[in-house]
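Data block below; observations after.
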Amino acid sequence: NAGACSFEVTVADTFRVASASADVQCQSIHVVDFPVDQFIGLRGLQFSIAWDPSVLSFDSVAYQNLPSLAGFGEISEDTLTFVWFDFDDSGETYPDGSSIFGLQFDVIGDPGDSSFVEIIGVPTKIEASVSEMNLPVGIPVIASSGLVRVIDTVIAMPPVAPADTIVACFADVPLATSLSASFQCLGSETVDPQENIIQGSCPNQAQIIRTWTFSSTGASPLVIEQIITVDDQTAPEFLVQMPGDTVLSCESYDPNSFVLNLSDVSDNCSLSSEIVLSAESSVEVGSCPNERVVTNVWTVVDECGNSNSHTQVVTVIDQTPPVFLVQMPNDTILSCEDYDPNSFILSTSQVSDNCSSSSDISISKVSDLVVGSCANERTVTNLWTIEDECGNTATHTQVIIIVDTTAPVIQLNAPSNITVECGFSLDPVSIGQATATDNCSSTGNIQLTFSDEITPGCGSSGTINRVWLAVDECGNSST
């Protein structure tokens with residue numbers, strides 16, 4: 001019987017093999033893996049492996065993952081050969097990164113020693129082949145050598161690292177000390193710290209990083225780190241009793257009654273000379289010029305911007321009335337002709353106030369007149385009021401009683417005695433007119449009359465006694 005079949009085999013263009021690098025503990029056993037890439041359709045592989053015998057001592061093949069026959073041959077204390085064939089001729093494929101075998105070594109080197117585990121072509125050359133139509137075909141091989149470094153990370157006595165800490169000021173930073181550690185292979189080592197200061201935004205804000213580096217481990221150094229944070233968050237303090245809220249009369253208020261000095265403040269870190277001190281006042285005007293609310297704010301700030309403030313509210317009031325500086329006129333009784341409403345005039349120079357200037361004091365006078373029993377008699381009440389800018393007032397009252405007790409004065413414009421012929425007119429125009437004047441009443445307001453007393457004589461003769469009577473508006477009379 002005869003027949004035909006066909007199949008397709010996918011093969012790699014380039015094959016990669018490597019020995020894995022590692023840091024290994026001294027006086028230990030270490031397995032070196034051999035990972036591959038592009039292991040696609042391979043049916044044969046061979047190469048040699050070499051190492052430094054003063055660092056590594058070959059012990060055994062720890063594992064191998066290839067099917068069929070894989071052969072290892074130890075040529076010397078530092079060289080091993082590897083040969084593999086896929087006898088079923090189907091070609092093998094492995095995922096990228098998988099290890100095809102592992103070699104176990106005793107680590108005999110000291111910390112700091114290292115050895116490459118090299119893939120070489122002597123004595124067995126490096127070669128990889130694939131199966132294509134049952135004919136072996138070689139493909140390029142890229143071999144990479146891994147580095148095995150001997151370290152000592154087994155700490156018999158670990159260093160006691162200082163704890164991280166936070167302090168307020170540089171003056172509080174603890175002193176640096178040496179640290180010691182004991183290792184499995186190296187023995188003990190004592191180191192002093194290196195200090196790195198990362199300055200913050202102000203003199204007392206920083207991060208201090210202290211690093212103790214145990215560098216003889218042969219690998220990455222054993223680093224012990226302490227972080228000291230300097231962080232000043234404490235505000236300055238007032239050393240003196242700061243003024244409290246108060247209510248003051250306007251004349252007692254002094255904006256400079258309290259002055260804060262640098263010697264009156266203190267800070268946990270900054271010197272007094274490095275503290276910034278400020279004083280600000282805001283004024284809220286009251287209902288009048290002499291009244292106001294003054295808010296004083298004292299602020300102290302240290303070098304790191306920590307601040308403390310004190311606020312005082314001063315309420316300034318004016319409740320004191322102005323005063324008269326002159327003797328004010330008293331109550332009095334005056335004859336009507338002596339009364340003068342302008343006999344006393346109060347001026348601003350004759351008054352004073354605790355806060356307002358004299359020119360800012362208002363003066364008013366109100367006179368109240370009550371008519372008496374007659375035209376020339378009355379009672380005058382004078383009220384002087386002085387008022388400052390805040391409405392505080394002082395008053396003075398004077399009562400003047402005006403009287404009229406003086407009778408009119410009669411003047412006769414003719415001889416006192418005259419003789420006339422009978423039949424002559426007795427009219428005052430003919431024989432003499434009298435007039436009257438008064439201290440207060442005008443002539444027109446004086447009632448002037450006469451009366452005749454006739455004493456008959458013989459015949460047509462006789463004596464006439466003419467009596468003049470003058471009466472003023474208040475009933476005062478004279479004859």
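No side-chain donor-acceptor contact under 3.5 Å links Asp245 to the backbone of Gln312. Side chain of Gln398 to main chain of Asp331: no donor-acceptor pair is present (N/O by atom type, distance under 3.5 Å, no hydrogens or angles). At distances below 3.5 Å, at least one donor-acceptor pair connects side-chain atoms of Ser19 with backbone N or O atoms of Val117. Between the side chain of His310 and the main chain of Pro243, a donor-acceptor pair closer than 3.5 Å is present. Using a distance-only test at 3.5 Å, with no hydrogens or angles considered, a donor-acceptor pair links the side chain of Ser99 to the main chain of Phe34. Remark: side-chain polar atoms of Asn261 are not paired, donor with acceptor, to backbone N or O of Asp264 under 3.5 angstrom. When atom types are taken as modelled, the side chain of Asp388 and the backbone of Thr393 share no donor-acceptor pair closer than 3.5 angstrom. Formation of a donor-acceptor pair under 3.5 Å by the Asp232 side chain with backbone atoms of Thr234 is found in this model. Using a distance-only test at 3.5 Å, with no hydrogens or angles considered, no donor-acceptor pair links the side chain of Asp33 to the main chain of Pro35. Using modelled atom types, one side-chain atom of Gln199 and one backbone atom of Gln205 make a donor-acceptor pair closer than 3.5 Å.
A side-chain N or O of Ser359 and one of Ser357 form a donor-acceptor pair less than 3.5 Å apart. Side-chain contact, Asn376 with Tyr339: no donor N or O sits under 3.5 Å from an acceptor N or O. Between the side chains of Asp52 and Ser54, at least one donor N or O sits under 3.5 Å from an acceptor N or O. Side-chain atoms of Asp318 and Asn392 form a donor-acceptor pair, as typed in the model, at a separation below 3.5 Å. The closest side-chain donor-acceptor pair between Glu389 and Ser356 falls under 3.5 angstrom. Under the 3.5 Å distance criterion, with hydrogens and angles disregarded, a donor-acceptor pair is assigned to the side chains of Asp59 and Gln104. For the residue pair Thr229 and Asp231, no side-chain donor N or O sits within less than 3.5 Å of a side-chain acceptor on the partner. Side-chain polar atoms of Asp338 and Ser335 form no donor-acceptor pair below 3.5 angstrom.
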What donor-acceptor contacts under 3.5 angstrom involve side-chain atoms of residues 159-174, with partners at least two apart or in another chain?
from: Asp164; atom 1: OD1; to: Ile227; atom 2: N; distance (Å): 2.8
from: Asp172; atom 1: OD2; to: Cys169; atom 2: N; distance (Å): 3.3

Using residues 273-284 as the side-chain source, report each donor-acceptor pair under 3.5 Å to any protein atom, sequence neighbours left out, with the distance given to one decimal.
from: Glu274; atom 1: OE1; to: Leu271; atom 2: N; distance (Å): 3.1
from: Ser281; atom 1: OG; to: Asn296; atom 2: OD1; distance (Å): 2.5

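For Val297, the side chain to side chain contact (heavy atoms under 4.5 Å, CB included) test picks out Thr295, Thr299, Ser309, Thr311, with sequence neighbours left out. Taking Lys365 as the reference, nothing meets the salt bridge (Lys or Arg N to Asp or Glu O under 4.0 Å) condition, with sequence neighbours excluded. With sequence neighbours left out, the side chain to side chain contact (heavy atoms under 4.5 Å, CB included) criterion links Asp96 to Asp37, Gln38. The salt bridge (Lys or Arg N to Asp or Glu O under 4.0 Å) search around Glu195 returns Arg210, not counting sequence neighbours. Under the rule for a side-chain hydrogen bond (donor to acceptor under 3.5 Å, both in side chains), Glu387 has no partner lying at least two apart in sequence or in another chain. Under the side chain to side chain contact (heavy atoms under 4.5 Å, CB included) criterion, Pro123 pairs with Ser48, Ile75, Thr79, Thr81, sequence neighbours left out. Among residues two or more places apart in sequence or in another chain, the side chain to side chain contact (heavy atoms under 4.5 Å, CB included) test is passed with Phe116 by Glu118, Ser145, Leu147. For Glu251, the salt bridge (Lys or Arg N to Asp or Glu O under 4.0 Å) test picks out no residue, with sequence neighbours left out. Partners of Tyr253 according to the ring pair (Phe, Tyr, Trp, His ring centres under 6.0 Å) rule, which considers only residues two or more places apart in sequence or in another chain, do not exist here.
Using a 4.5 Å heavy-atom threshold, the side chains of Gln25 and His30 count as separate. The closest side-chain heavy-atom distance from Tyr94 to Leu42 is not below 4.5 Å. At least one side-chain heavy atom of Ile119 sits less than 4.5 Å from a side-chain heavy atom of Ile126.
With Cys288, the cysteine Cys390 has an SG gap short of 2.5 Å.
Remark: aromatic rings of Trp384 and Phe344 are close, center separation under 6.0 Å. Aromatic rings of Phe82 and Phe101 (six-membered ring for Trp) have centroids within the 6.0 Å cut-off, being under it. Residues Trp298 and Phe238 keep their aromatic ring centres 6.0 Å or farther apart.
Here the straight-line distance linking atom CG of Leu80 with atom CD1 of Ile120 works out to 10.5 Å at 0.5 Å rounding. The CG atom of Asn290 sits 11.5 Å away from the CD1 atom of Ile317 when rounded to the nearest 0.5 Å. Here the OG-CD distance, from Ser178 to Glu189, works out to 11.5 Å after rounding to the nearest 0.5 Å. Here the CD1-CG distance, from Ile198 to Asn196, works out to 5.0 Å after rounding to the nearest 0.5 Å. The CG atom of Asn306 lies 7.5 Å from the CG atom of Asn268; values are rounded to the nearest 0.5 Å. Considering CG of Leu222 and CD1 of Ile224, their distance stands at 4.5 Å, rounded to 0.5 Å.
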Checking Arg378 against Leu369 for the side chain to side chain contact (heavy atoms under 4.5 Å, CB included) test, could you report, in this order, the C-alpha distance in whole Å, the side-chain angles of both residues, the deciding distance, and whether it holds?
CA-CA 7 Å; Arg378 55 200 179 276; Leu369 185 145; 3.4 Å; yes
Can you check side chain to side chain contact (heavy atoms under 4.5 Å, CB included) on Ile400 and Asn382, steps first, answer last?
CA-CA 8 Å; Ile400 303 175; Asn382 294 319; 3.6 Å; yes
Passes side-chain hydrogen bond (donor to acceptor under 3.5 Å, both in side chains), Ser270 versus Glu303? Steps please.
CA-CA 6 Å; Ser270 299; Glu303 296 172 287; 2.9 Å; yes
Could you walk me through whether Phe39 and Val17 pass the side chain to side chain contact (heavy atoms under 4.5 Å, CB included) test, one step at a time?
CA-CA 9 Å; Phe39 197 114; Val17 63; over 6 Å; no
Begin from the C-alpha positions of Val150 and Val148 and carry the test side chain to side chain contact (heavy atoms under 4.5 Å, CB included) through to its verdict.
CA-CA 7 Å; Val150 182; Val148 176; 5.5 Å; no
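Pairs engaging residues 296-352 under the disulfide (SG to SG under 2.5 Å) rule: Cys202-Cys304, Cys336-Cys440 [sequence neighbours left out].
Taking the six-membered ring where the residue is Trp, Phe58 and Phe105 present perpendicular rings, their angle passing 60° and hence far from 30°.
Around atom CZ of Arg292, more than 12 heavy atoms belonging to other residues, nucleotides or ligands sit under 6.0 Å away. Within a 6.0 Å sphere centred on CD of Glu237, other residues, nucleotides and ligands contribute 12 heavy atoms or fewer.
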